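A short write-up of the structure that comes next.
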Amino acid sequence: MPEGHTIHRAARDHRKVLAGQVLGVSSPQGRFAEGAKRIDGLLCTGVEAYGKHLIYHFEQGLSLHIHLGLFGKLRKSKLPLSEPKGAVRVRLVGPGHVIDINGPNTCEVLDEPELLTLTARIGPDVLRADADRDRAYHRISKSKAPIGRLIMDQSVMAGIGNIYRTEILWRLAIHPFTPGRELNRGDFDRLWEDAVALLEIGVWRNSIITTELVPKGRGRLTERVNIFGKKVCPKCKGNVECREIANRKVYLCEACQPAV
DNA sequence: TTGATTGTTACCGG
DNA sequence: TCCGGTAACAATCA
């Protein structure tokens with residue numbers, strides 16, 4: 001489920017619901033390491049996203065670090081408490097709402113130095129105002145690795161996942177196997193700005209939407225993409241190829257995204 | 001039961 | 001040192 005937009009959306013939402021409140025924190029299906037620092041009954045001082053990592057800040061310099069991985073899910077519901085559904089590893093209980101965190105890849109309490117170590121290894125996040133895009137360009141411009149690998153490398157730039165990778169490169173007519181150092185600054189800036197725009201739409205609509213024409217109206221918002229998982233290129237009607245980069249499927253149109 | 005999946009990390013060899 | 005490949009882990013659904 002989670003690319004960067006999911007996590008940023010949760011951070012913005014959970015901040016409203018939990019920040020400034022003393023939380024009950026439990027682990028119905030135990031996931032905290034034995035001897036982990038306790039955060040239940042502490043004041044939640046903020047919620048923040050760094051790429052796909054979600055950080056709940058608490059008093060005493062402690063924070064809860066969540067990474068949903070491929071399968072994890074967040075579920076918010078109103079009090080009163082209901083039975084946890086599925087593999088709930090952490091349950092955050094505020095004055096009016098409950099956040100259940102199902103099947104996260106990472107779920108740990110960090111102190112300040114540990115949080116610094118974590119954030120230091122996460123690249124500039126396209127959805128963060130403080131992101132330093134020059135840092136991302138610096139890495140990309142020096143690498144011969146395919147751009148399809150680099151933009152999904154969270155230490156190069158954070159937030160893009162497998163679907164956005166395919167969609168962004170198609171929108172910019174960049175072949176996924178293009179070496180990073182072949183991109184000029186203009187290409188990179190367009191790529192960065194398209195990532196920001198698409199992920200912001202994702203946050204707003206709570207769904208991956210990369211097509212230009214999104215039907216208005218109140219219909220249920222489902223995922224709308226151009227070529228991810230498709231057979232026919234919507235632009236040229238040609239064949240969509242499916243290849244692999246970094247062990248994940250990437251789709252491309254050889255006609256619209258010519259190799260360099 | 002099998003396979004696939006909007007993710008990450010550790011480890012190994014070139 | 002860097003880079004690419006592989007395995008492992010996570011949970012759910014068709």
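All values reported here derive from a predicted model rather than from experimental measurement. Proteins get letters first, then strands, A, B, ... in listed order; numbering begins at 1 in each.
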Point to revise | Derivation of the ring pair (Phe, Tyr, Trp, His ring centres under 6.0 Å) call for A:His5 and A:Tyr164 | key: CA-CA 10 Å; A:His5 68 290; A:Tyr164 282 122; 5.5 Å; yes
**Study point:** Expected output: side-chain A:Arg149 to main-chain A:Pro179 donor-acceptor under 3.5 Å
**Key:** no
Practice item. Would you kindly give the CG-to-P distance between A:Asn105 and C:dA10, to the nearest whole Å? Key: 9 Å
Point to revise | Charged N-O contact under 4.0 Å between A:Lys85 and A:Asp100 | key: no
Exercise for review: Check whether any side-chain N or O of A:Asn162 sits under 4.0 Å from OP1 or OP2 of B:dT6, and answer yes or no.
Suggested key: yes
Exercise for review: Pick base, sugar-phosphate or nothing for A:Gly86, based on heavy-atom distances below 4.0 Å to the nucleic acid.
Suggested key: sugar-phosphate
**Study point:** Distance in angstrom units between A:Ile208 CD1 and B:dT6 C1', rounded
**Key:** 5 Å
Exercise for review: Look up atom CE in A:Met152 and atom OG1 in A:Thr166, then write down how far apart they are to the nearest 0.5 Å.
Suggested key: 9.0 Å
Check your understanding: What's the NE2-P distance between A:His5 and B:dT6, to the nearest Å?
Key -> 13 Å
Check your understanding: Does any N or O in the side chain of A:Gln257 come within less than 3.5 Å of the main-chain N or O of A:Cys253, such that one atom is a donor and the other an acceptor?
Key -> yes
Point to revise | Sugar-phosphate, base or nothing in reach of A:Lys249, heavy atoms under 4.0 Å | key: sugar-phosphate
Study note, to complete from the structure: Secondary structure of DNA chain C per the Watson-Crick/G-U criterion (both distances under 3.5 Å; [ ] crossing, | other strand, . unpaired) is .||||||||.||||
Check your understanding: Is any side-chain N or O of A:Arg248 closer than 4.0 Å to OP1 or OP2 of B:dT6?
Key -> yes
Find every protein N or O atom lying less than 3.5 Å from an N or O atom of nucleotides 1-3 of chain B, and list the pairs.
none

Exercise for review: Would you indicate whether A:Arg12, at its atom CZ, is surrounded by more than 12 heavy atoms from other residues, nucleotides or ligands within a distance under 6.0 Å?
Suggested key: yes
Review point. Does any N or O in the side chain of A:Glu114 come within less than 3.5 Å of the main-chain N or O of A:Asp111, such that one atom is a donor and the other an acceptor?
Key: yes
**Study point:** Protein-to-nucleotide contact annotation, 5' to 3' order, nucleotides 2-8 of chain C [B base; S sugar-phosphate only; - none; under 4.0 Å, heavy atom]
**Key:** --SSB--
Point to revise | Below 4.0 Å: OP1/OP2 of B:dT6 and any side-chain N or O of A:Lys52 | key: no
Exercise for review: Just say parallel, tilted or perpendicular for the rings of A:Tyr56 and A:His14, cut-offs at 30° and 60°.
Suggested key: parallel
Practice item. On DNA chain B, check which nucleotide each of A:Tyr251 and A:Gln154 is closest to and give me the residue with the more 5' one. Key: A:Tyr251
Point to revise | A:Lys73 NZ to C:dT12 P, straight-line distance once rounded to whole Å | key: 7 Å
**Study point:** Point-to-point distance, once rounded to the nearest 0.5 Å, from CG of A:Leu64 to CG of A:Leu42
**Key:** 11.5 Å
Check your understanding: Who pairs with A:Glu254 by side-chain hydrogen bond (donor to acceptor under 3.5 Å, both in side chains), at least two apart in sequence or on another chain?
Key -> A:His175
Revision key, fill the gap. Regarding the side chain of A:Ile163, the nearest nucleotide among B:dT6, C:dC9, C:dT12 is B:dT6
Check your understanding: Minimum heavy-atom separation for A:Asp153 to A:Arg139, with atom names?
Key -> OD2-NH2, 4.0 Å
Point to revise | Expected output: side-chain A:Ser143 to main-chain A:Ala145 donor-acceptor under 3.5 Å | key: yes
Review point. Which whole-number value in Å describes the distance from A:His67 NE2 to B:dT8 C1'?
Key: 6 Å
Review point. So how far is it from A:Leu54 CG to A:Leu74 CG, rounded to the nearest 0.5 Å?
Key: 6.5 Å
**Study point:** Distance in angstrom units between A:Ile101 CD1 and C:dA10 P, rounded
**Key:** 17 Å
Study note, to complete from the structure: So CG of A:Leu18 and OG1 of A:Thr45: to nearest 0.5 Å the spacing works out to 11.5 Å
Point to revise | A:Asn102 CG to C:dA10 C1', straight-line distance once rounded to whole Å | key: 12 Å
Check your understanding: Atom CD1 of A:Ile7 and atom P of B:dT8: how far apart are they, to the nearest Å?
Key -> 9 Å
Protein-nucleotides 9-14 of chain B N/O pairs closer than 3.5 Å?
residue, atom, partner, partner atom, Å
B:dT9, OP1, A:Arg121, NH1, 2.4
B:dT9, OP1, A:Arg121, NH2, 3.2

Practice item. Could you list who else is in A:Val22's hydrophobic cluster, with ILVMFWY side chains joined at under 4.5 Å, directly or through other members? Key: A:Leu43
